Colleague: 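Provided herewith is a single structure, encoded as structure tokens, for subsequent inquiry.
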Amino acid sequence: MGAQRYWLMKSEPTAFSIDDLIRAPNHATYWDGVRNYQARNFMRSMAVGDHVLFYHSNTDPPAVVGIAEVVTTAYPDSTQFDKKDKHYDPESKPSKPRWDMVDIRFVRKFVRPLTLDELRKEPTLKGMVLLQKGSRLSVQPVSPLEWRHIMKLAED
DNA sequence: GCCAACGTTGGC
DNA sequence: GCCAACGTTGGC
């Protein structure tokens, strides 16, 4: 199998929305706060240039709202060492950081959000990690087939 | 706001 | 190593 090139990353729009990404300097940001090992490992396997579906979670309606791209490989998430940060991890040592982040940059916003409901109706997307029962991974792989299908949906 | 599903922690 | 308790995620 070739390298994984497509991903999906979740964000609560009240915390950080795709419009926040558009407004950010260079339309880019660091993706901090991931505190799940599986999600972290996916970030560690990202390469510069990989493409990312930007997903709004915990909102009405939850939806894929656009595309970003990976602009750095994984590096230590500084918030893990910041006592005042919500994501502070007292167990993590600067000599051996536990949590990583990547930088992503805005690519485009869909003319309309592709809602979770709509995605569920697509047989091609049945296997998407996002659509699996109980799936909560905030960083997850997307297959080339799923990616292409979502790009088609986004054209309409 | 509710709560099911999941991941992590810690007592044993 | 098991598993109950707990905290979190995120759809609804």
Side-chain angles (χ1 to χ4, degrees), chain A residues 4 6-24 28-46 50-70 73-104 106-143 145-147 149-154 156:
Chain A
Q4 174 70 42
Y6 302 115
W7 308 94
L8 178 147
M9 295 169 97
K10 295 179 183 174
S11 185
E12 302 192 11
T14 53
F16 193 85
S17 69
I18 194 160
D19 293 320
D20 292 325
L21 184 61
I22 292 170
R23 283 190 293 263
T29 191
Y30 46 86
W31 203 261
D32 65 339
V34 171
R35 295 295 182 268
N36 169 284
Y37 289 106
Q38 210 180 345
R40 179 204 67 184
N41 293 342
F42 282 133
M43 286 200 296
R44 286 184 175 174
S45 66
M46 288 179 180
D50 282 3
H51 285 84
V52 177
L53 295 173
F54 199 107
Y55 180 81
H56 281 172
S57 66
N58 224 329
T59 188
D60 191 18
V64 176
V65 291
I67 303 170
E69 65 178 331
V70 174
T73 52
Y75 62 100
D77 177 346
S78 54
T79 63
Q80 70 196 302
F81 306 123
D82 180 357
K83 283 199 176 73
K84 290 188 289 289
D85 194 277
K86 180 179 178 232
H87 299 288
Y88 174 61
D89 182 354
E91 304 299 316
S92 185
K93 301 281 165 288
S95 55
K96 196 174 180 233
R98 178 181 288 182
W99 305 112
D100 281 6
M101 57 189 181
V102 296
D103 290 4
I104 64 165
F106 175 76
V107 173
R108 77 185 172 93
K109 185 177 171 177
F110 294 157
V111 282
R112 63 187 182 86
L114 303 178
T115 67
L116 189 60
D117 261 2
E118 180 180 356
L119 299 181
R120 284 196 200 287
K121 288 183 184 133
E122 300 294 322
T124 313
L125 302 179
K126 229 175 59 189
M128 267 190 96
V129 176
L130 180 74
L131 304 183
Q132 304 315 300
K133 187 178 159 65
S135 171
R136 320 184 304 191
L137 258 187
S138 63
V139 178
Q140 53 180 258
V142 173
S143 78
L145 183 71
E146 292 159 358
W147 181 271
H149 193 75
I150 286 173
M151 292 309 106
K152 282 197 72 167
L153 294 177
D156 304 336

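On a predicted model such as this, the values are computed, not experimentally measured, just so you know. In what follows, every heavy atom counts, from backbone to side chain, and hydrogens, waters and symmetry copies are set aside. In what follows, chains are A, B, ... by sequence order, proteins preceding strands, each numbered from 1.
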Colleague: Round to a whole Å and report the spacing from CG of Asp60(A) to C1' of dT9(C).
Modeller: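 Taking CG of Asp60(A) and C1' of dT9(C), I get 17 Å after rounding.
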Colleague: dC6(B) C1' sits how many Å from Tyr37(A) OH, rounded?
Modeller: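 Interatomic distance, OH of Tyr37(A) to C1' of dC6(B): 16 Å.
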Colleague: Per the atom types in the model, does the base of dT8(C) pair as donor or acceptor with the side chain of Arg136(A) at under 3.5 Å?
Modeller: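 Side chain to base: pair present.
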Colleague: Using whole Å, report how far CE of Met128(A) lies from P of dG11(C).
Modeller: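 Met128(A) atom CE is separated from dG11(C) atom P by 12 Å.
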Colleague: Is the distance between the ring centroids of Trp99(A) and Tyr37(A) under 6.0 Å?
Modeller: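 Close enough - the centres of the two rings lie under 6.0 Å apart.
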Colleague: Which residue lies toward the 5' end of DNA chain B, Asn36(A) or Asn58(A), if each is placed at its nearest nucleotide?
Modeller: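 Looking at DNA chain B, the more 5' nearest nucleotide goes with Asn58(A).
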Colleague: Please work out which of the three classes, parallel, tilted or perpendicular, describes the rings of Trp31(A) and Phe54(A), given edges at 30° and 60°.
Modeller: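 Ring orientation, 0 to 90° scale: perpendicular.
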Colleague: Which nucleotide wins on minimum distance to the side chain of Leu116(A), given the candidates dT8(B), dC12(C), dG10(C)?
Modeller: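 For the Leu116(A) side chain, the nearest candidate turns out to be dC12(C).
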Colleague: Using whole Å, what does the distance between atom P of nucleotide dG10(B) and atom CD of Glu91(A) come to?
Modeller: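 To the nearest whole Å, that distance equals 8 Å.
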Colleague: Could you tell me the separation between the CG atom of Leu119(A) and the C1' atom of dG11(C), rounded to a whole number of Å?
Modeller: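 Distance, rounded to whole Å: 14 Å.
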Colleague: Whether Tyr55(A) contacts dG11(C) is assessed here as follows: a side-chain N or O lying under 4.0 Å from the phosphate OP1 or OP2. Is that the case?
Modeller: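 Checking Tyr55(A) against dG11(C): at least one side-chain N or O falls below 4.0 Å of OP1 or OP2.
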Colleague: With a 3.5 Å cut-off and no angle check, do the side chains of Asp82(A) and Thr79(A) form a donor-acceptor pair?
Modeller: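 The answer is no; no qualifying pair exists.
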Colleague: Using whole Å, what does the distance between atom C1' of nucleotide dG10(C) and atom CG of Asp117(A) come to?
Modeller: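 The answer, rounded to whole Å, is 14 Å.
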Colleague: Measure the distance from NZ on Lys133(A) to P on dC12(C) and round it to the nearest whole Å.
Modeller: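 Nearest whole value for this atom pair: 11 Å.
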Colleague: Using the rule side chain to side chain donor-acceptor pair (under 3.5 Å), only one of Arg40(A), Arg98(A), Arg35(A) pairs with Asp77(A); which is it?
Modeller: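 Exactly one pass, corresponding to Arg35(A).
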Colleague: Report the distance from atom CG of Asp89(A) to atom C1' of dT9(B), rounded to the nearest whole Å.
Modeller: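 Atom-to-atom, Asp89(A) to dT9(B), this comes out as 13 Å.
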Colleague: Using the side-chain heavy atoms of Gln38(A), tell me which of these nucleotides is nearest: dG7(B), dC12(C), dT8(B).
Modeller: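 The answer is dG7(B), which lies nearest to the side chain.
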